[in-house]
Every structure is written in C-alpha cells, then in structure tokens.
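Structure first, then comments.
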2 protein chains.
Amino acid sequence: MKYSQATDYALHAMLYLVAAAPDKPVGVQLLAEKLGVSQTYLSKMMTKLVKAGLIQSAPGANGGYRLRRKQEDISFLDIIHAIEGTASFFECSLNHDNECVIQKVVLDAERQMEQYLQNKKISELAEHFKGR
Amino acid sequence: MKYSQATDYALHAMLYLVAAAPDKPVGVQLLAEKLGVSQTYLSKMMTKLVKAGLIQSAPGANGGYRLRRKQEDISFLDIIHAIEGTASFFECSLNHDNECVIQKVVLDAERQMEQYLQNKKISELAEHFKGR
DNA sequence: CCATTACAGACTTTATGAGTCCATAATAAC
DNA sequence: GTTATTATGGACTCATAAAGTCTGTAATGG
Ligand code: SF4
Ligand code: SF4
C-alpha cells in the first residue's frame, strides 16, 4: 500500500510550477532535471495533469507548462487523483449484494484522508521550491 | 494504491472469528472454505495475525484459531497493520535533509485515516457474520 | 502410534509499476 | 516556408511485488 513514485514526481512538479514565474511556461526538460527523472517519463505524468485540467501546455519554442487554475484552487487531492485515479482502496472479494459493512468502514476511513488532502492547497507550500 | 487482497481475507477471517463461539477454535480449513480461498494461502495471513498477537493458535486435533484479546480491543487498524506492515504511504524520492513538507502533508493525511481505523473496533461488526 | 492441525520455506505465476524508445504533431522564431 | 523546439502518443522492455502453489516439518489430542 504505497502511492506510486509517479505521484511523488507529479507533486514535486506542481510545487515547482507554483514557485515559477506565472507568465513564463516551464518545459519538461528543466523539470526533469530538477527532479532527477527522465524527460520522457515525467512527460507522461505532466500529460495526465493536463488532462485533469490542473495545468496548461503549450508546444513549440518557449512552450511548456503553467498552472491553469489559481494556486489556492488546486489541492493535493486533485494531483493525487490525476495520477492514481479515483478508484477506492478497498473492494470486497466476495461480493454479497448486502450492505458490505467491511468495505464501508474502509471507505469511510479513506474519506477522512481525502477530506484532509482536499483542504490542503498547494498555495500553502508556494515558498517551498523558491530556493531549490 | 490499493490494499492487498490478503488484507481483505484477514479482515473477513477476523470477523468470522468474532461471530464464532469463543471456546471452540476454528481451523483454517473451514475459514478458507467460507472465504473461497486456498487453505495454504490463507494460512500465511493467519500466521501473521498470530504474530501480531491478535489471535491465538492451537495445533493438533480440535485445534485452530481464536481471538486472543477482547473484541472491543481489536481495531481495524490492528488487522491492517498486521498484514500490510506499518510503513507509510509516501516517501520523497529526492531526500533533501530539510523538513520534507510534501511528505509531511501526506503523512498527516494518512494519520487522519489511521485514527479512524483505530477507533473502529471489530466488536461493532460482531453480528455481521452470524448468518453467513 | 496416528490423525489432525498449524508453521515454514522454496517455488511459480501473474499483475503492475517504472522506465525506454521512437514517431508524430503543433507552435514560435527566423 | 523552413527549422528548431516543444508536447503527445503508443509500443515496448524491465523490475518488483502480489498472489498463489507445493511440500515438508512440528506440535498436540485421542
Ligand atoms: S463486507 Fe460483508 S457483505 Fe460485503 S463481501 Fe464482505 S462479508 Fe460479504
Ligand atoms: S518534500 Fe521538499 S524537502 Fe522533501 S524531498 Fe521533496 S522537495 Fe525536498
């Protein structure tokens, strides 16, 4: 039970975009170098973030990525869902059609966590990457 | 990001033990049949539960498993930890020795979830398996 | 002694994450 | 228009862990 490394990269990339100048798009080349990961691999995650509507992409010279929404409107949960998908942590193997109480407990627990992550906006950590 | 199927089996097995008569141990053979999984595989999870101190095992004729603690002292988190281990969901790939704020956010979120699971005792679901 | 049960380790199979490679498309600069 | 620069897409390989099997050993009650 672990978040994929892709999520790690995506979170860091997003925080880097927050710290970057809002008008100048930043390309995957620079990001990959900062995070220590290959361009082509990171590119896949960036594309997922684009499809999730969190960032905006522009091809061509001086292209790259920039935030689409305001910092305070992007939560950790948004990013995690964009990469990991929105499937739940648990599904009963033997599906009795009754109310699955075990599943319900785990899902409620998950909801606790997601609520926390949804309230945590990346704007709170805007300063983090300023010096790195 | 999903709990392993082993956790699913363990949770169901524990709930079955709660519903069973407290004096008669129940063997892995019966449990495996109820859950629709092979005996040898389920056996591994049961052993983990024993090592975690949640249940007690007895070999030989009329042997099997029974709860070690009281129902209200066994939480969902106990069972999950016994199977999945206690490692956290997230670890930063680039380990700056500073305070890892990203990691801190995810870990705090995880703590929200674990708190919920710790307060959820299996005694609350004691009736669930009575008729199955 | 014997049947019955749990325990342990080696092993195979399967699924998924992690990562590479290369071809294509779109855009800006010249 | 041509070219350099960027993102996007799919097919592919590789590594790792989950899922499950097989077989043997140990302990206990009858
Ligand atoms: S949670 Fe209960 S109802 Fe759902 S599959 Fe498990 S035993 Fe059946
Ligand atoms: S969370 Fe911050 S300090 Fe920790 S590894 Fe990521 S960038 Fe570095």
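Here is how names work: the chains are called A, B, and so on, in the same order as the sequence lines, proteins then strands, and each is numbered from 1.
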Between [options], which nucleotide gets closest to the side-chain atoms of [X]?
{"X": "A:Lys44", "options": "C:dT20, D:dT21, C:dG17", "answer": "C:dT20"}
{"X": "A:Ala61", "options": "C:dC7, C:dT4, C:dA28", "answer": "C:dA28"}
{"X": "B:Pro59", "options": "C:dA26, C:dA28, D:dT28", "answer": "D:dT28"}
{"X": "B:Ala6", "options": "C:dA18, D:dT8, D:dA19", "answer": "D:dA19"}

Give a yes/no answer on whether the side chain of [X] brings an N or O atom under 4.0 Å of OP1 or OP2 in [N].
{"X": "A:Ser4", "N": "C:dA18", "result": "yes"}
{"X": "A:Tyr65", "N": "D:dT8", "result": "yes"}
{"X": "A:Lys51", "N": "D:dG9", "result": "yes"}
{"X": "B:Asn62", "N": "C:dT4", "result": "no"}
{"X": "B:Ser38", "N": "D:dT21", "result": "yes"}
{"X": "A:Tyr41", "N": "D:dG9", "result": "no"}
{"X": "B:Thr47", "N": "C:dA6", "result": "no"}
{"X": "B:Ser57", "N": "C:dT5", "result": "no"}

query = Are A:Val106 and A:Glu110 close enough that some pair of their side-chain heavy atoms sits under 4.5 Å apart?
reply = no
message = I'd like to check B:Phe90 versus B:Ile102 (side-chain heavy atoms, cut-off strictly below 4.5 Å). Are they in contact?
response = yes
Polar side-chain contact A:Lys2-C:dG17 base: donor and acceptor under 3.5 Å = no
Rounded off to whole Å, could you give me the [atom1]-to-[atom2] distance for the [X] and [N] pair?
{"X": "A:Ile83", "N": "C:dG19", "atom1": "CD1", "atom2": "P", "result": "14 Å"}
{"X": "A:Asp8", "N": "C:dG19", "atom1": "CG", "atom2": "P", "result": "10 Å"}
{"X": "A:Leu42", "N": "C:dG19", "atom1": "CG", "atom2": "P", "result": "11 Å"}
{"X": "B:Met1", "N": "C:dA15", "atom1": "CE", "atom2": "P", "result": "22 Å"}
{"X": "B:Met45", "N": "C:dA6", "atom1": "CE", "atom2": "C1'", "result": "15 Å"}
{"X": "B:Leu30", "N": "C:dT4", "atom1": "CG", "atom2": "P", "result": "16 Å"}
{"X": "A:Gln39", "N": "C:dT20", "atom1": "CD", "atom2": "P", "result": "11 Å"}
{"X": "A:Leu35", "N": "C:dG19", "atom1": "CG", "atom2": "C1'", "result": "15 Å"}

Spacing of A:Leu11 atom CG and B:Gln103 atom CD [to the nearest 0.5 Å] = 11.5 Å
Test item: side-chain donor near acceptor, A:Ser93 and B:Gln5, under 3.5 Å = no
task = Decide whether A:Gln118 and A:Ser75 meet the rule of one side-chain donor and one side-chain acceptor closer than 3.5 Å.
result = no
remark   = Of A:Ala58 and A:Thr40, the one whose closest nucleotide on DNA chain C sits nearer the 5' end is A:Thr40
task = Could you tell me whether B:Asp23 and B:Arg66 have a side-chain N and a carboxylate O separated by less than 4.0 Å?
result = no
inquiry  = By the 4.0 Å heavy-atom rule, please label B:Val37 as base, sugar-phosphate, or nothing.
reply    = nothing
message = Using a heavy-atom cut-off of 4.0 Å across all strands, would you classify A:Tyr3 as base, sugar-phosphate, or nothing?
response = nothing
